[in-house]
Colleague: 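Take this structure first; my questions come after.
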Amino acid sequence: MDPATLALIVKGVTLGADLLNNGVKAYNANKAAFSSEDQAVIEAAIASVSTDNDAKAQAALKALEAAAKT
Amino acid sequence: MKRMLIAGALALAALAGAGCSGCAPLNRVVEAVNAPSRTVIDDKAVLAAEVAYAAALDTVLAGVADGRIKGQDAARARDAIVAAERFRHPDGATAGPTTLQLALKAGNATDLRAKFNAFRALTAQLAAIAAANGAS
């Protein structure tokens with residue numbers, strides 16, 4: 001892995017951890033400080049979590065369908 | 001760039017997992033999503049809303065797995081998820097851009113806020129069903 005990619009990964013994880021630690025309020029307060037790259041990170045994280053939720057929802061529906069019959 | 005995004009998403013997903021204990025940071029995100037004082041609905045808010053939905057789904061899945069959610073309660077949880085998924089993908093799809101992602105891209109703040117609040121309500125409904133059955 002090249003250093004630039006590694007740096008981007010660290011930045012992505014830091015952004016995620018910061019979001020979890022401080023809540024979205026902190027981000028809203030500092031919205032102007034966000035670079036376009038940071039915003040791209042958030043947008044892609046939305047896409048990733050949303051895709052994960054798509055699969056999770058389908059799994060839950062299948063499990064609940066069976067559980068509803070018990 | 002993609003690797004960074006995946007790493008960030010994995011960090012979020014790991015913390016949102018049903019088996020996660022001591023998830024105070026995640027709880028703070030959920031609280032931030034639900035805060036009545038929220039004045040800005042932006043990409044960070046949409047991300048937090050999806051993370052909150054993930055947590056609700058994980059909670060329901062855990063409740064089904066350990067037998068606490070069954071029968072009529074399971075049917076109610078199923079209906080809540082069906083409603084949430086119809087909101088997320090009104091075209092009937094089970095993948096692709098969600099309603100909130102599309103609204104975010106469209107850039108209409110009023111429409112985004114309305115859809116954000118609707119999704120928040122659907123997530124809260126699902127979480128309430130899980131909580132009523134002792135799932136956590």
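Protein chains get the first letters and strands the later ones, always in sequence-line order, with residue 1 at the start of each.
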Colleague: Top residue by heavy-atom pair count (under 4.5 Å) with chain A, among B:V46, B:T94, B:V64, B:L104?
Modeller: B:T94
Colleague: Same cluster or not: are B:L122 and B:F116 linked, directly or through other Ile, Leu, Val, Met, Phe, Trp or Tyr residues, by side-chain heavy atoms under 4.5 angstrom apart?
Modeller: yes
Colleague: What are the two closest heavy atoms between A:A63 and B:L61, and how far apart are they?
Modeller: CB-CD2, 4.4 Å
Colleague: Does anything in residues 59-70 of chain A form a side chain to side chain donor-acceptor pair (under 3.5 Å)? List the pairs, not counting sequence neighbours.
Modeller: A:E65-B:R78
Colleague: So which atom in B:A75 and which in A:A68 form the shortest heavy-atom distance, rounded to 0.1 Å?
Modeller: N-CB, 3.9 Å
Colleague: Sort by residue number and list every residue of residues 81-89 of chain B having at least one heavy atom under 4.5 Å from chain A.
Modeller: B:I81, B:V82, B:E85, B:R88, B:H89
Colleague: List the residues meeting side-chain contact (heavy atoms from CB on, under 4.5 Å) with B:N108, not counting sequence neighbours, and say none if there are none.
Modeller: B:T110, B:D111
Colleague: Looking at A:N53 and B:A54, what are the two nearest heavy atoms and their distance?
Modeller: OD1-CB, 3.1 Å
Colleague: Given the rule that I, L, V, M, F, W and Y join up when any side-chain heavy atoms are under 4.5 Å apart, are B:F119 and B:I129 in one cluster?
Modeller: no
Colleague: Closest heavy-atom contact between B:L57 and A:A60?
Modeller: CD2-CB, 4.3 Å
Colleague: Tell me every residue that passes side chain to side chain donor-acceptor pair (under 3.5 Å) with B:T98, counting only those two or more places apart in sequence or in another chain.
Modeller: B:Q101
Colleague: So for B:L100, is it side chain, backbone, both, or neither that comes closer than 4.5 Å to the heavy atoms of chain A?
Modeller: neither
Colleague: Does some side-chain heavy atom of B:L47 sit less than 4.5 Å from a side-chain heavy atom of A:I46?
Modeller: yes
